[in-house]
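Everything numeric here is computed off the predicted structure, so don't read it as measured data. Counting from 1, the numbers follow the sequence of the chain as shown.
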Amino acid sequence: MKKINLRDGTPIYCLNSIEANVLDDHIQSYLNYDIGIKDGDTIVDIGANIGVFGIRLSQLFQNINIYAFEPIPEIYDVLHINAQKSLNKNFKTYMLGISDKKKEIQFTYFPNSPALSTSKPQIWEQNKKNFHAAVEGSIVNAPKKFWWTKFIPKIFIPLIAKYLTYKKKIISNKVLSLQDFIDEKNILEIHLLKIDCEGEELNVLRGIGENQWKIINCIIMEVHNIDNNIKIAKSLLVNNGFKNIMITKEKGLEKANLVNIFASK
């Protein structure tokens with residue numbers, strides 16, 4: 001774990017300095033949506049990683065409630081420290097995953113690139129072309145302070161991709177449904193549900209009960225465009241009251257099978 005400063009000088013703890021800055025850019029793209037967050041709102045962050053989203057929200061709003069989930073112990077430890085350093089007493093963290101029901105599942109943790117960690121490693125392993133496209137896009141569009149990455153020859157992309165997934169670890173941890181968590185905490189409204197959990201996103205939606213769907217106003221989620229996932233996600237959202245749905249791709253990831261879905265009522 002190391003302490004760095006993000007592009008505006010914000011101090012943050014992380015496992016990988018380049019990845020932390022990339023995550024910050026990723027979060028800024030989320031904030032560009034017309035989310036309409038205000039003081040007092042409740043945010044649920046599934047796949048919080050090191051907590052960049054919670055930190056940025058805590059800077060923007062004096063009174064914001066954040067429930068952040070991260071099932072990988074090494075990543076969770078950093079998330080927990082960042083939540084404490086944010087000075088937002090309502091920034092709460094949980095070393096848990098969210099899925100369709102209460103169970104224990106295996107996660108693949110990539111120490112060289114923690115943000116790639118997933119419950120479904122096949123999304124990276126079975127489609128090397130997609131993975132290499134995501135790696136190349138991230139390098140070409142790296143934050144300005146890492147300007148030198150733009151000069152990395154494309155021939156090295158496969159080697160970089162191999163390094164990022166080197167020495168992977170298999171970790172078992174508990175998951176539960178969002179319905180169970182909402183009921184347990186007696187949450188009455190969720191203004192924004194953010195889902196970025198590398199392969200478990202559809203199960204998150206499937207684990208929301210009818211009454212819980214009613215209290216969610218907006219959803220931002222990253223979806224891997226495989227096995228008809230986008231169509232399934234869109235159908236679940238439409239069937240549960242979300243009328244405004246926008247599907248976008250982030251700059252640099254146009255060739256990768258990754259999209260962001262923004263949905264509101």
So which atom in [X] and which in [Y] form the shortest heavy-atom distance, rounded to 0.1 Å?
X    : Y    : answer
A83  : S86  : O-OG, 2.6 Å
K194 : A48  : NZ-CA, 4.5 Å
P71  : M95  : O-CG, 4.1 Å
A115 : L23  : CB-CD2, 4.4 Å
D41  : G36  : OD2-O, 4.0 Å
K167 : P111 : O-CD, 3.4 Å

When you measure from the side chain of [X] to the backbone of [Y], do you find a donor-acceptor pair of N or O atoms at a distance under 3.5 Å?
X    : Y    : answer
N82  : Y13  : yes
S58  : G54  : yes
N186 : I182 : no

Can you list everything that forms a side chain to side chain contact (heavy atoms under 4.5 Å, CB included) with E210? Sequence neighbours excluded, please. K214
As an exercise, state the distance from [atom1] of [X] to [atom2] of [Y], rounded to the nearest 0.5 Å.
X    : Y    : atom1 : atom2 : answer
L164 : N112 : CG    : CG    : 7.0 Å
S113 : N16  : OG    : CG    : 6.5 Å
S99  : L176 : OG    : CG    : 9.0 Å
N49  : I72  : CG    : CD1   : 10.0 Å
Y76  : N173 : OH    : CG    : 11.0 Å
L57  : Q59  : CG    : CD    : 9.5 Å

Could you walk me through whether N217 and E189 satisfy the side-chain hydrogen bond (donor to acceptor under 3.5 Å, both in side chains) test, starting with their C-alpha distance in whole Å, then the side-chain angles of each, then the deciding distance to 0.1 Å, before giving a yes or no? CA-CA 8 Å; N217 297 326; E189 182 179 19; 2.7 Å; yes
Are side-chain N/O atoms of [X] and [Y] paired as donor and acceptor at under 3.5 Å?
X    : Y    : value
D180 : S177 : yes
T93  : E70  : no
Q212 : D183 : yes
N203 : E200 : yes

Given side chain to side chain contact (heavy atoms under 4.5 Å, CB included), test L15 with I75 step by step and report yes or no. CA-CA 8 Å; L15 295 169; I75 305 175; 4.1 Å; yes
Do [X] and [Y] share a hydrophobic cluster (ILVMFWY, side-chain heavy atoms under 4.5 Å, transitive)?
X    : Y    : result
F53  : F262 : yes
L31  : L193 : no
V223 : L205 : yes
V259 : I245 : yes

Using a 6.0 Å cut-off, check whether atom [atom1] of [X] has over 12 heavy atoms from anything other than its own residue.
X    : atom1 : value
K102 : NZ    : no
L159 : CG    : yes
K174 : NZ    : no
E104 : CD    : yes

Decide yes or no on side chain to side chain contact (heavy atoms under 4.5 Å, CB included) for I64 and I37, but give the supporting numbers first. CA-CA 9 Å; I64 195 85; I37 299 174; 3.6 Å; yes
Is the closest side-chain heavy-atom distance between [X] and [Y] below 4.5 Å?
X    : Y    : answer
L237 : W213 : yes
M246 : Y33  : yes
I261 : I219 : no
V204 : C197 : yes
I232 : R206 : yes
M1   : C14  : no
E74  : K169 : yes
D196 : I46  : no

In terms of relative ring orientation, are H26 and Y30 parallel, tilted or perpendicular, with 30° and 60° separating the classes? tilted
With V44 as reference, evaluate N65, L192, I216, I190 under the side chain to side chain contact (heavy atoms under 4.5 Å, CB included) test and give the passing residue. I190
Verdict with reasoning, H224 to E201, per side chain to side chain contact (heavy atoms under 4.5 Å, CB included): CA-CA 9 Å; H224 288 261; E201 54 270 9; 3.8 Å; yes
Can you pull the ring pair (Phe, Tyr, Trp, His ring centres under 6.0 Å) pairs that have at least one residue in residues 155-203, sequence neighbours excluded? Y67-F181, F69-F181, Y94-F181
Pair R56 + D8, salt bridge at N-O below 4.0 Å: yes
Please confirm whether K265 makes a cation-pi placement over F242, using NZ or CZ under 6.0 Å from the six-membered ring centre and within 45° of the ring normal. yes
